[in-house]
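Notes to accompany the following structure.
Just so it is clear, the model here is predicted, and its values are computed rather than measured.
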Amino acid sequence: MDIKIRAYDEQDLPEMINLWNEIVDEGIAFPQEELLTKESGKQFFASQTYSAVATDTKTGTLYGLYILHPNNVGRCGHICNASYTVSAQKQGLHIGEKLVSDSLEQGKRLGFDILQFNAVVASNTHARHLYERLGFIQLGTIPRGFRMKDGHYEDICLYYHEL
(Lines give C-alpha, C1' and ligand atoms only; values in the text may rest on other atoms or scores of the structure.)
Protein backbone atom coordinates (compact mmCIF):
# COMPACT_ATOMS: atom_id res chain seq x y z
CA MET A 1 0.00 0.00 0.00
CA ASP A 2 1.43 3.37 -1.08
CA ILE A 3 -0.17 6.25 0.86
CA LYS A 4 -0.14 9.80 -0.47
CA ILE A 5 -1.22 12.85 1.54
CA ARG A 6 -2.76 15.54 -0.65
CA ALA A 7 -5.21 18.43 -0.51
CA TYR A 8 -8.78 17.17 -0.65
CA ASP A 9 -11.04 17.77 -3.60
CA GLU A 10 -14.80 17.71 -3.96
CA GLN A 11 -14.96 14.03 -4.95
CA ASP A 12 -13.42 13.10 -1.57
CA LEU A 13 -16.21 14.72 0.45
CA PRO A 14 -18.55 11.71 0.90
CA GLU A 15 -15.73 9.56 2.33
CA MET A 16 -14.36 12.47 4.38
CA ILE A 17 -17.77 13.10 5.91
CA ASN A 18 -18.16 9.40 6.73
CA LEU A 19 -14.72 9.20 8.39
CA TRP A 20 -15.30 12.40 10.37
CA ASN A 21 -18.74 11.25 11.50
CA GLU A 22 -17.34 7.90 12.69
CA ILE A 23 -15.17 9.76 15.20
CA VAL A 24 -17.88 12.20 16.24
CA ASP A 25 -20.37 9.35 16.71
CA GLU A 26 -17.85 7.33 18.72
CA GLY A 27 -17.76 10.24 21.17
CA ILE A 28 -14.28 9.72 22.59
CA ALA A 29 -12.04 12.16 20.68
CA PHE A 30 -13.58 15.11 18.80
CA PRO A 31 -15.50 17.78 20.73
CA GLN A 32 -18.25 18.02 18.10
CA GLU A 33 -21.55 16.28 18.78
CA GLU A 34 -23.43 17.01 15.55
CA LEU A 35 -22.79 14.76 12.57
CA LEU A 36 -21.90 16.38 9.27
CA THR A 37 -24.39 16.25 6.44
CA LYS A 38 -23.49 16.53 2.78
CA GLU A 39 -24.10 20.28 2.93
CA SER A 40 -22.54 21.02 6.32
CA GLY A 41 -19.57 18.75 5.53
CA LYS A 42 -18.85 20.57 2.30
CA GLN A 43 -18.92 23.90 4.13
CA PHE A 44 -16.91 22.57 7.09
CA PHE A 45 -13.99 21.21 5.07
CA ALA A 46 -13.95 24.22 2.73
CA SER A 47 -13.81 26.61 5.71
CA GLN A 48 -10.53 25.16 6.99
CA THR A 49 -7.23 26.77 6.08
CA TYR A 50 -6.19 23.38 4.72
CA SER A 51 -7.92 20.01 4.52
CA ALA A 52 -5.96 16.95 3.41
CA VAL A 53 -6.64 13.29 2.75
CA ALA A 54 -4.53 10.14 2.90
CA THR A 55 -5.25 7.95 -0.11
CA ASP A 56 -3.91 4.72 -1.52
CA THR A 57 -2.21 5.70 -4.79
CA LYS A 58 -3.13 2.38 -6.42
CA THR A 59 -6.81 2.12 -5.48
CA GLY A 60 -7.68 5.73 -4.67
CA THR A 61 -9.21 4.55 -1.38
CA LEU A 62 -9.34 7.27 1.27
CA TYR A 63 -7.88 6.08 4.59
CA GLY A 64 -7.62 9.26 6.63
CA LEU A 65 -7.77 13.02 6.72
CA TYR A 66 -6.83 16.11 8.68
CA ILE A 67 -7.97 19.69 8.96
CA LEU A 68 -5.71 22.64 9.75
CA HIS A 69 -6.86 26.11 10.79
CA PRO A 70 -5.92 29.03 13.05
CA ASN A 71 -6.16 28.24 16.74
CA ASN A 72 -7.04 31.86 17.49
CA VAL A 73 -7.07 35.32 15.91
CA GLY A 74 -5.06 38.51 15.97
CA ARG A 75 -2.00 38.38 18.19
CA CYS A 76 -2.39 34.61 18.50
CA GLY A 77 -3.05 34.06 14.79
CA HIS A 78 0.41 32.56 14.25
CA ILE A 79 -0.71 29.40 16.09
CA CYS A 80 -2.62 26.74 14.18
CA ASN A 81 -4.64 23.74 15.29
CA ALA A 82 -5.36 20.42 13.58
CA SER A 83 -7.59 17.37 13.90
CA TYR A 84 -6.95 13.93 12.42
CA THR A 85 -8.86 10.76 11.68
CA VAL A 86 -7.84 7.41 10.22
CA SER A 87 -10.22 4.71 9.07
CA ALA A 88 -10.74 2.15 11.84
CA GLN A 89 -9.83 -0.62 9.35
CA LYS A 90 -6.43 0.99 8.61
CA GLN A 91 -5.19 1.98 12.05
CA GLY A 92 -1.73 0.73 12.96
CA LEU A 93 -0.31 1.33 9.45
CA HIS A 94 1.36 4.67 10.34
CA ILE A 95 -1.17 6.69 8.35
CA GLY A 96 -1.72 8.95 11.36
CA GLU A 97 2.00 9.66 11.49
CA LYS A 98 1.98 10.65 7.81
CA LEU A 99 -1.01 12.94 8.40
CA VAL A 100 0.56 14.66 11.43
CA SER A 101 3.92 15.05 9.67
CA ASP A 102 2.24 16.57 6.64
CA SER A 103 0.25 18.98 8.83
CA LEU A 104 3.51 20.22 10.38
CA GLU A 105 4.87 20.93 6.89
CA GLN A 106 1.65 22.54 5.66
CA GLY A 107 1.32 24.67 8.80
CA LYS A 108 4.78 26.09 8.24
CA ARG A 109 4.13 26.56 4.50
CA LEU A 110 0.95 28.48 5.34
CA GLY A 111 2.83 30.88 7.63
CA PHE A 112 2.04 29.48 11.06
CA ASP A 113 4.78 29.27 13.72
CA ILE A 114 3.23 26.79 16.17
CA LEU A 115 0.83 23.84 15.94
CA GLN A 116 -1.17 23.50 19.15
CA PHE A 117 -3.61 20.83 20.28
CA ASN A 118 -6.14 22.10 22.81
CA ALA A 119 -7.89 18.89 23.81
CA VAL A 120 -6.14 15.55 23.39
CA VAL A 121 -8.13 13.15 25.54
CA ALA A 122 -5.74 11.69 28.12
CA SER A 123 -6.90 8.12 27.47
CA ASN A 124 -6.03 8.47 23.75
CA THR A 125 -2.61 6.97 24.41
CA HIS A 126 -1.86 6.06 20.78
CA ALA A 127 -2.26 9.68 19.66
CA ARG A 128 -0.35 11.01 22.65
CA HIS A 129 2.60 8.67 22.03
CA LEU A 130 2.63 9.63 18.34
CA TYR A 131 2.63 13.35 19.12
CA GLU A 132 5.41 12.99 21.66
CA ARG A 133 7.47 10.85 19.26
CA LEU A 134 7.11 13.59 16.63
CA GLY A 135 8.38 16.26 19.03
CA PHE A 136 5.22 17.73 20.49
CA ILE A 137 5.57 19.02 24.04
CA GLN A 138 2.78 18.56 26.56
CA LEU A 139 1.90 21.87 28.20
CA GLY A 140 -0.38 20.52 30.89
CA THR A 141 -3.61 18.74 31.70
CA ILE A 142 -7.12 20.05 32.23
CA PRO A 143 -8.92 17.77 34.68
CA ARG A 144 -12.33 16.58 33.45
CA GLY A 145 -12.01 18.69 30.28
CA PHE A 146 -13.78 16.29 27.91
CA ARG A 147 -17.24 14.77 28.26
CA MET A 148 -17.23 11.29 26.76
CA LYS A 149 -20.26 9.97 24.89
CA ASP A 150 -21.29 7.88 27.89
CA GLY A 151 -21.35 11.02 30.06
CA HIS A 152 -18.23 10.56 32.19
CA TYR A 153 -15.40 13.08 32.04
CA GLU A 154 -11.79 12.51 31.01
CA ASP A 155 -8.78 14.79 31.40
CA ILE A 156 -7.45 16.54 28.31
CA CYS A 157 -3.84 17.31 27.49
CA LEU A 158 -2.54 20.37 25.68
CA TYR A 159 0.37 19.97 23.26
CA TYR A 160 2.39 22.23 20.99
CA HIS A 161 5.10 21.93 18.34
CA GLU A 162 7.14 24.81 16.95
CA LEU A 163 7.11 24.89 13.18
Side-chain angles (χ1 to χ4, degrees), residues 1-24 26 28-32 36 41 44-72 76-142 145-146 154-163:
M1 176 170 32
D2 183 31
I3 300 296
K4 178 182 179 184
I5 311 298
R6 61 169 173 78
Y8 88 103
D9 57 45
E10 191 122 351
Q11 70 186 25
D12 299 317
L13 283 170
E15 289 177 88
M16 292 172 72
I17 291 166
N18 286 339
L19 274 177
W20 188 268
N21 285 346
E22 282 180 25
I23 302 299
V24 171
E26 191 176 24
I28 62 171
F30 289 173
Q32 294 86 353
L36 295 174
F44 176 74
F45 291 113
S47 71
Q48 307 302 316
T49 303
Y50 191 76
S51 294
V53 294
T55 60
D56 185 320
T57 59
K58 291 181 173 69
T59 65
T61 305
L62 193 146
Y63 292 131
L65 65 91
Y66 76 85
I67 59 170
L68 181 77
H69 51 85
N71 194 53
N72 213 316
C76 295
H78 62 290
I79 302 172
C80 61
N81 182 275
S83 297
Y84 311 89
T85 181
V86 174
S87 169
Q89 294 79 25
K90 296 300 176 186
Q91 291 181 1
L93 299 175
H94 304 286
I95 296 168
E97 182 174 351
K98 292 175 194 263
L99 290 166
V100 176
S101 295
D102 191 75
S103 72
L104 291 167
E105 293 173 19
Q106 293 300 329
K108 184 172 183 141
R109 182 186 68 79
L110 292 163
F112 295 104
D113 296 328
I114 297 169
L115 174 54
Q116 177 178 317
F117 300 144
N118 303 320
V120 180
V121 178
S123 61
N124 191 350
T125 55
H126 293 296
R128 294 181 63 207
H129 290 152
L130 170 61
Y131 301 150
E132 291 167 11
R133 190 164 32 89
L134 292 176
F136 283 82
I137 297 169
Q138 184 177 340
L139 294 169
T141 302
I142 299 173
F146 190 91
E154 295 262 344
D155 296 349
I156 54 174
C157 305
L158 289 78
Y159 284 89
Y160 83 99
H161 192 297
E162 290 188 24
L163 305 176

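Looking at His161, its side chain does come within 3.5 Å of a backbone N or O of Leu134 through a donor-acceptor pair. Of the possible polar contacts, none joining the Asp56 side chain to the Met1 backbone as a donor-acceptor pair under 3.5 Å is found. A donor-acceptor pair under 3.5 Å is formed between the side chain of Gln91 and the backbone N or O of Val86. Panel note: side chain Asn81, backbone Gln116; a donor-acceptor pair is recorded below 3.5 Å.
Residue His78 places its NE2 atom among more than 12 non-hydrogen atoms of other residues, nucleotides or ligands, all under 6.0 Å distant.
Checked by atom type, the side-chain pair Glu132/Tyr159 shows a donor-acceptor distance below 3.5 Å.
Residues Ala82 and Leu115 approach most closely at N-CD1, 3.7 Å, considering heavy atoms. Closest non-hydrogen pair, Leu36 versus Asn21, comes out as N-OD1, 2.7 Å.
Residue pairs that meet the salt bridge (Lys or Arg N to Asp or Glu O under 4.0 Å) test with at least one member in residues 5-20, sequence neighbours left out, are Arg6-Asp9, Arg6-Asp12, Glu10-Lys42. The salt bridge (Lys or Arg N to Asp or Glu O under 4.0 Å) contacts involving residues 88-98 comprise Glu97-Arg133, where partners must be two or more places apart or lie in separate chains. Under the salt bridge (Lys or Arg N to Asp or Glu O under 4.0 Å) criterion, no residue pair touches residues 108-129, with sequence neighbours excluded.
Of the candidates Tyr84, Tyr66, Tyr50, Tyr84 is the only one forming a side chain to side chain donor-acceptor pair (under 3.5 Å) with Ser103.
With rounding to the nearest 0.5 Å, the separation of CD1 in Ile67 from CG in Leu99 is 12.0 Å.
Residues Val100 and Phe136 meet the side-chain proximity criterion, which asks for heavy atoms closer than 4.5 Å.
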